[in-house]
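Note sheet for the following structure.
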Amino acid sequence: MFEDKETKTEISSIGEFKLIDKITESFKITNTSTIKGIGDDCAVLSYPNKKILISTDMLIEGTHFDMSYTPLRHLGYKSAVVNFSDVYAMNGKPKQIVVSLAISSRYSIEAIQEIYNGIALACKNYGVDLVGGDTTSSLSGLCISVTVIGEANLNQIAYRSGARFNDLICVSGNLGASYMGLLVLEREKKTWAANPNFQPDLTGYEYVIQRFLKPEARFDIIDILRAKDIVPTSMIDISDGLASELHHICKESNKGCNIYEDKIPIDPQTMLTADEFKISPVTAAMNGGEDYELLFTIKQDDYEKLKDIPQISFIGHITDNPSALYLITKDSKAIEIKAQGWDSFRDNQ
Ligand code: ADP
Ligand code: MG
């Protein structure tokens, strides 16, 4: 659906080493914890007084992204940002990434360069250094694996397991938009498949599509929490939908929760798009996923410090009844929250 770049130079014309040089040459090291970046057998990092956080994510063409509507620059950006989000979800700060690529011969040098332009922008926006990776060929499709290294002080790390009875459940930003963006793109793809001359008109869906193709990670929330001297009792990022993430926190903390339908933050464009697709926006928020917002719990005493922060919504509280997770609807019915996280091994994808 999105048009390819004009020039296409085969990777075999320059070889692996020149390709690595080309795509990594514009990256500069900015963090003092990076002693040595790209160019040796290992990167060298220094974290004398901090705890180190590590996480990794792999994205496979056809499983995690669809090349017909994913601009390569956005793919690079997103593959980095979803990793940063995991570090923020521990109340830490990402500092380095390593990126491994398996590339099929369908991809040109220009295409790989576009992915790295996206990675470079993400690194710049979030203050992260690219310090290494691996480049190899793949028989079918593209695979990107990103590993992030971050830092936190021991007493600041927020685990999934720390939620306590009566803690308030908080969420950043708004939920469900990314899923609606995906539905719009899938719909346009179907129309386009039936008629290749069709030009998708995405006017009116810009926000939801952007949330899907170019998500951001919530470093601002981490900064606000530090400024207010709050360590969340538990935290997780919302990659699989609110329902699934609540289950993770409650299971790890051995608690339950009540959340309130009318408190779930949903953007107006998400509401309109959900109406059009005849699905409930709350379902999109609960089961959609890929929002990359932060879900966290705080002590009741910390409420005063956060209550006027517009980026944070208070959606419910933690209860003492393990595995009893309820959504209280607008008409005061309690509906059990089922864990319906996105699962790449389910066959009905
Ligand atoms: P080795 O043979 O030791 O694996 P490589 O030739 O694969 O070394 O890599 C050379 C340097 O380039 C290393 O610093 C490595 O981390 C870096 N590098 C390789 N591929 C990538 C990539 N796709 N993105 C970023 N850095 C890379
Ligand atoms: Mg290598």
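Remember, predicted model here, so these are calculated numbers, not experimental data. Just so you know, ligand 1 is whichever comes first in the structure, and atom 1 is the first atom listed for that ligand. Numbers here simply count residues along the sequence, with the first being 1.
- Qualifying side-chain hydrogen bond (donor to acceptor under 3.5 Å, both in side chains) partners for Arg226, counting only residues two or more places apart in sequence or in other chains: none.
- Here Glu151 pairs with nothing under the side-chain hydrogen bond (donor to acceptor under 3.5 Å, both in side chains) rule; sequence neighbours left out.
- One finds a salt bridge joining Lys214 and Glu216 here, because a Lys/Arg side-chain nitrogen approaches an Asp/Glu carboxylate oxygen to under 4.0 Å.
- Electrostatic pairing of Glu261 and Lys333 does not count as a salt bridge here, judged by no charged N lying under 4.0 Å from a carboxylate O.
- Of the polar atoms of Thr24, none of the N or O atoms is found under 3.5 Å from an N or O of ligand 1, judged by distance alone.
- Listed by number with element, the atoms of ligand 1 under 4.0 Å from a non-hydrogen atom of Val99 are 22 (C), 23 (N), 24 (N).
- By heavy-atom distance, the residue among Ala102, Gly132, Cys42, Gly39 lying nearest atom 26 (N) of ligand 1 is Gly132.
- In the candidate list Phe17, Tyr116, Phe27, Tyr116 is nearest to atom 24 (N) of ligand 1, counting heavy atoms.
- Both the backbone and the side chain of Asp134 come within contact range of ligand 1, each with a heavy atom under 4.0 Å.
- Summarising the geometry, atom CG belonging to Leu72 is positioned 12.5 Å from atom OH belonging to Tyr116; distances are rounded to the nearest 0.5 Å.
- Checked for salt-bridge contact, Asp320 and Arg164 miss the test: no charged N lies under 4.0 Å from a carboxylate O.
- Residue Asp40 has at least one nitrogen or oxygen atom sitting less than 3.5 Å from a nitrogen or oxygen atom of ligand 1, judged on distance alone.
- In terms of polar-atom proximity, defined here as any N/O pair under 3.5 Å, Val131 makes no such contact with ligand 1.
- Here is the list of ligand 1 atoms found below 4.0 Å of a heavy atom in Asp41: 3 (O).
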